[in-house]
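So you know, we letter chains A, B, ... as the sequences are listed, proteins then strands, and number each from 1.
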There are 2 protein chains.
Amino acid sequence: MALSQSIEDYLKSIYEIESKHENVTTSSLSEKLNVAPASVTSMIKKLSEKKLVTHKKYQGVKLTNSGLKVALEIIRHHRLVELYLKEALGVPWDQVHEEAEKWEHVLSEDLEDRIDEYLGHPTSDPHGSPIPDRNGNMIERDSRNLIEVSPGAKVIIAEVSDHNPELLRYFGKMGLYPETEVKIISIEPFQGPITLVVKGEEYSIGREAAKYISVVEADA
Amino acid sequence: MALSQSIEDYLKSIYEIESKHENVTTSSLSEKLNVAPASVTSMIKKLSEKKLVTHKKYQGVKLTNSGLKVALEIIRHHRLVELYLKEALGVPWDQVHEEAEKWEHVLSEDLEDRIDEYLGHPTSDPHGSPIPDRNGNMIERDSRNLIEVSPGAKVIIAEVSDHNPELLRYFGKMGLYPETEVKIISIEPFQGPITLVVKGEEYSIGREAAKYISVVEADA
DNA sequence: ATATATTTTTAGCCGTGTCTAAATATTTTA
DNA sequence: TAAAATATTTAGACACGGCTAAAAATATAT
Ligand SMILES: [Mn+2]
Ligand SMILES: [Mn+2]
Ligand SMILES: [Mn+2]
Ligand SMILES: [Mn+2]
């Protein structure tokens, strides 16, 4: 009763949309997965029959417990693989996501355990995303978007979006990695740039880029 | 123009049958791939259209240069991954094949290079099979089957079949690994057992098992 | 050489996951 | 609150890679 790669990808996407506290609509999935809305509808029907999601027509879907379990399993694979590729084989952080997209579906439980062991049971991936443990538990942090921080504050980068390699290389050049402390100097109005200091260097970055960084309070 | 996993598997199987100097028939592929003969015929048609094999009706298939290139590419992936899993993650040699069957299809060229580098450009996998280099070249050894060796001779294990985990564990218990020297004591007639000495220990193994071991001459 | 057995191909079907176009439901706007 | 815009579902098609059953070609045996 193994699930197809397609089903796994849908469940993962549903989880990711849910965790942004957004309603999981046909169109949001259509956009995220790059498939036509009609295709999403037919897949939703299948997921619903398999009791992986609940669905009220025209109302969007929600993961069931069983669907959530699968989603977290795949996300665990994805994030473990990302970190493993970086640590063990030196794959740059802007490339690990693409590799993990493929590997996450073919990782055996045994290999998952070996990788987890090798990495010392890590709790976050190269982009700062939490890695669920085998039971699906992960560390929740109280993070907010970089653009919501008050000028003058010191914060620590919690997580950056892993989907755009070019953006990641841009962040990398400035040292904007998870766990790095940054001081916000100013946030210009009218969608203006954010000026910040990273490791003694000052940078100005646009709102578009900053949106993809989330932060937590700096250690006391 | 990426090829499907199915196509890759067919090409790999065709290569493997060809390299046993056997005609690649519909039924041999059917058996190897565990699909109905009719399915093989329809896939052969597709491979033929894509110029990956040549086919004369009722006569079997042969890889074209382009088909051979793909087959060797996948076999390189498979064998590199097998060795990598053993070396880097300690996966036992009876389990690496199954993992590699899945990973071989999702390995990027970049990762292939990194793994190759990590392993120091290896030339054979954990079962003794040669690993093609990036150009498809590999070291050919003049090996023969263990059951063809004359009693009294010392030989070195070249290669063991990687398809049966149980068999591999059985071999492993006796230390029958590639590059190991064995001395053949006797080969009983009427499909009788082969008695041999491995690292000072004497064992008797059946013909069925011995068939899956190939050997080369011991170093002078 | 002919009958029989085996192998291969053809024909037709099915499940999966996608698509486009059209119908229908919901949401927004006026 | 009715019309317009948008979102979702339905209908019907298609490529892929399987399947079974039947037909045709090849190989084997008498
Ligand atoms: Mn797992
Ligand atoms: Mn990631
Ligand atoms: Mn193998
Ligand atoms: Mn390759």
>> The side chain of B/Val35 is closest to which nucleotide in this list: C/dC19, D/dG18, C/dT9?
In response: D/dG18
>> Is the ring pair B/His163/B/His97 parallel, tilted or perpendicular, if the boundaries are 30 and 60 degrees?
In response: tilted
> Think A/Ser42 has a side-chain N or O under 4.0 angstrom from the OP1 or OP2 of C/dT18?
Replying inline: no
> Should B/Arg134 and B/Glu112 count as side-chain neighbours, where that means a heavy-atom distance under 4.5 Å?
Replying inline: yes
>> Test salt bridge (charged side-chain N to carboxylate O under 4.0 Å, His left out) on B/Arg76 and B/Asp133; report intermediate values, then the result.
In response: CA-CA 7 Å; B/Arg76 173 168 165 82; B/Asp133 68 19; over 6 Å; no
> Which nucleotide, D/dG18, D/dT26, D/dG17, lies nearest any side-chain atom of B/Lys46?
Replying inline: D/dG17
> Given atom CD of B/Gln5 and atom C1' of D/dG17, what is their separation to the nearest angstrom?
Replying inline: 12 Å
> Within this structure, what is the CD-to-P distance between B/Gln59 and D/dA24, rounded to whole angstrom?
Replying inline: 19 Å
> Nearest to the side chain of B/Lys57, which nucleotide is it out of C/dT9, D/dG17, C/dT26?
Replying inline: C/dT9
> Taking for each residue the nucleotide of DNA chain C with the nearest heavy atom, is it B/Ser28 or A/Tyr10 whose nucleotide lies nearer the 5' end?
Replying inline: B/Ser28
> Closest to the B/Tyr58 side chain: C/dT9, D/dC19, D/dT9?
Replying inline: C/dT9
>> Rounded to whole Å, please give me the gap between CG in B/Leu33 and P in D/dC19.
In response: 10 Å
> To the nearest angstrom, how far is B/Asn34 atom CG from D/dC19 atom P?
Replying inline: 9 Å
> Can you tell me how far P of C/dG17 sits from CG of A/Leu3, to the nearest Å?
Replying inline: 10 Å
> Would one find a side-chain N or O of B/Thr41 under 4.0 angstrom from OP1 or OP2 of C/dT10?
Replying inline: no
> What's the NE2-C1' distance between B/His55 and C/dT8, to the nearest Å?
Replying inline: 8 Å
> How about A/His105 and A/His77: are their ring centres within less than 6.0 Å of each other?
Replying inline: no
> Rounded to whole angstrom units, what separation is found between the CG atom of B/Asp9 and the P atom of D/dG17?
Replying inline: 11 Å
> Atom CG of A/Leu29 and atom P of D/dT9: how far apart are they, to the nearest Å?
Replying inline: 11 Å
> Are A/Phe171 and A/Trp93 near enough that their ring centres are under 6.0 Å apart?
Replying inline: no
>> Under 4.0 Å from OP1 or OP2 of D/dA7: is there any side-chain N or O of A/Thr26 that close?
In response: no
> Any side-chain N or O of A/Ser27 less than 4.0 Å from the OP1 or OP2 oxygen of D/dT6?
Replying inline: no
> Looking only at side-chain N and O atoms, does A/Thr25 come under 4.0 Å of OP1 or OP2 in D/dA7?
Replying inline: no
>> Of the options D/dT20, C/dT18, C/dT20, whose atoms approach the side-chain atoms of B/Ala36 most closely?
In response: D/dT20
